[in-house]
Amino acid sequence: MTSRHKLMQGMAVAAVATATTLSAPSVAAAHQAQPVTETYQECRGVTVDKKAPVVSRASVLIKAPLTTVWKLHTDIDAWATWIPEITPARKKTPGPLRPGSVFEWSPQNMKVTSTVASVQRMRCTAWAAPVNGIDGVHLFTFKPVRGGVLATTEESWAGHPVEADIPGNQAALDAGLNDWVNRLKSTAETKSGCASHGRK
């Protein structure tokens with residue numbers, strides 16, 4: 001894997017955001033990130049860049065309380081406990097996540113500053129993570145369903161580095177989003193004492 005693809009995968013593992021589900025993907029596809037070809041996720045009007053050359057989505061059913069999932073997702077200073085590849089990760093704006101909140105994280109030893117664009121408590125977040133010529137927009141949505149919480153993440157990448165290798169960047173983003181939601185699943189289910197089926 002090239003250093004650029006390592007960076008891209010690191011970014012994908014690290015960039016997080018949520019959104020209210022407009023058209024939830026099927027739970028059967030929970031462990032497979034796929035390019036988006038249907039209705040986009042939304043968080044209070046914020047979406048990914050629909051015209052970006054690379055857009056991906058991954059979804060997973062988490063058998064844990066929504067409060068547990070939400071705390072893991074939004075407690076950026078504690079990300080190191082379950083996503084060590086992106087540390088240090090620190091919230092720079094005091095208080096709960098809200099539009100304008102800023103946080104820093106370090107995929108592949110790079111310093112990235114992200115700004116929150118939208119939040120709906122216990123439902124969604126959306127933020128941007130521009131780095132090295134790549135404009136990333138990342139959403140996460142959480143929907144209570146029978147048996148737990150359907151967590152869906154969607155992210156877009158745009159910019160010259162992405163256009164230089166669209167298939168490679170698509171694969172890296174797909175892998176990163178899939179890894180992210182499955183780590184969230186495993187961690188939340190372990191914390192809540194629910195049986196976890198593990199990552200696939």
Side-chain angles (χ1 to χ4, degrees), residues 8 10-25 29-30 33-60 62 66-67 69-77 79 83 86 89-105 107 112-145 149-159 161-163 169-170 172-174 176-181 184:
M8 298 300 186
M11 286 178 58
V13 168
V16 182
T18 25
T20 303
T21 304
L22 296 181
S23 176
Q34 300 176 357
V36 176
T37 57
E38 54 198 69
T39 305
Y40 290 86
Q41 302 292 290
E42 181 180 319
C43 187
R44 294 194 168 187
V46 177
T47 67
V48 295
D49 179 357
K50 299 175 184 179
K51 296 181 180 179
V54 170
V55 182
S56 185
R57 175 186 296 161
S59 185
V60 69
I62 303 176
L66 178 57
T67 52
V69 177
W70 180 256
K71 180 169 175 51
L72 282 169
H73 173 66
T74 58
D75 190 1
I76 293 167
D77 291 346
W79 280 358
I83 323 171
I86 68 169
R90 296 188 191 95
K91 192 169 60 170
K92 306 300 286 184
T93 307
L97 285 186
R98 60 191 182 277
S101 291
V102 174
F103 63 94
E104 295 177 346
W105 42 275
V112 179
T113 301
S114 294
T115 303
V116 176
S118 183
V119 175
Q120 184 175 1
R121 189 175 182 276
M122 307 291 280
R123 291 289 183 237
C124 66
T125 62
W127 56 69
V131 61
N132 285 0
I134 298 169
D135 292 318
V137 180
H138 199 156
L139 288 82
F140 251 87
T141 67
F142 304 101
K143 182 179 181 180
V145 295
V149 177
L150 182 64
T152 301
T153 181
E154 191 169 284
E155 185 169 6
S156 61
W157 283 354
V162 180
E163 292 167 3
N169 287 312
Q170 183 73 61
L173 184 55
D174 290 349
L177 295 190
N178 186 62
D179 183 65
W180 182 273
V181 294
L184 182 61

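Values below: every heavy atom of this structure, side chains too, minus hydrogens, waters and symmetry copies.
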>> Can you confirm whether W70 sits close enough to V149 that some side-chain heavy atom of one is under 4.5 Å from a side-chain heavy atom of the other?
In response: no

>> To the closest 0.5 Å, what do you measure between CG (D174) and CD (E155)?
In response: 10.5 Å

> What heavy-atom pair brings A158 and A52 nearest, and what distance separates the two atoms?
Replying inline: CB-CB, 4.0 Å

>> With a 4.5 Å cut-off on side-chain heavy atoms, are Q170 and W157 touching?
In response: no

>> Closer than 3.5 angstrom, by distance alone: can the side chain of N169 be matched with the main-chain N or O of V162 as a donor-acceptor pair?
In response: yes

> If you round to the nearest 0.5 Å, how far is CD1 of I134 from CD of E163?
Replying inline: 10.5 Å

>> Nearest 0.5 angstrom please: S156 OG to K51 NZ, how far?
In response: 13.0 Å

>> Rounded at 0.5 Å granularity, tell me how far OG in S101 sits from NZ in K92.
In response: 13.0 Å

> When you check the side-chain N and O atoms of T152 and S59, is any donor under 3.5 Å from an acceptor?
Replying inline: yes

>> With rounding to the nearest 0.5 angstrom, report the OG1 to CZ distance, T74 to F142.
In response: 8.0 Å

> Would a distance-only check, ignoring hydrogens and angles, find a side-chain to backbone donor-acceptor pair under 3.5 Å from T47 to Q41?
Replying inline: no

> So, the side chain of S118 versus the backbone of C43: is there a donor-acceptor pair under 3.5 Å, distance only?
Replying inline: yes

> Are the side chains of L97 and I76 in touch, meaning some heavy atoms are under 4.5 Å apart?
Replying inline: yes

> Can you find a heavy atom in the side chain of V55 that is under 4.5 Å from one in the side chain of Y40?
Replying inline: yes

> CZ of R98: more than 12 outside heavy atoms within 6.0 angstrom?
Replying inline: yes

>> Which residues pass the salt bridge (Lys or Arg N to Asp or Glu O under 4.0 Å) test with D77, not counting sequence neighbours?
In response: none

> Do the side chains of R123 and L66 get nearer than 4.5 Å, heavy atoms only?
Replying inline: yes

>> With rounding to the nearest 0.5 angstrom, report the CG to CG distance, L184 to L72.
In response: 6.0 Å

>> Counting C-beta onward and ignoring hydrogens, is there a side-chain heavy-atom pair between T67 and M122 closer than 4.5 Å?
In response: yes

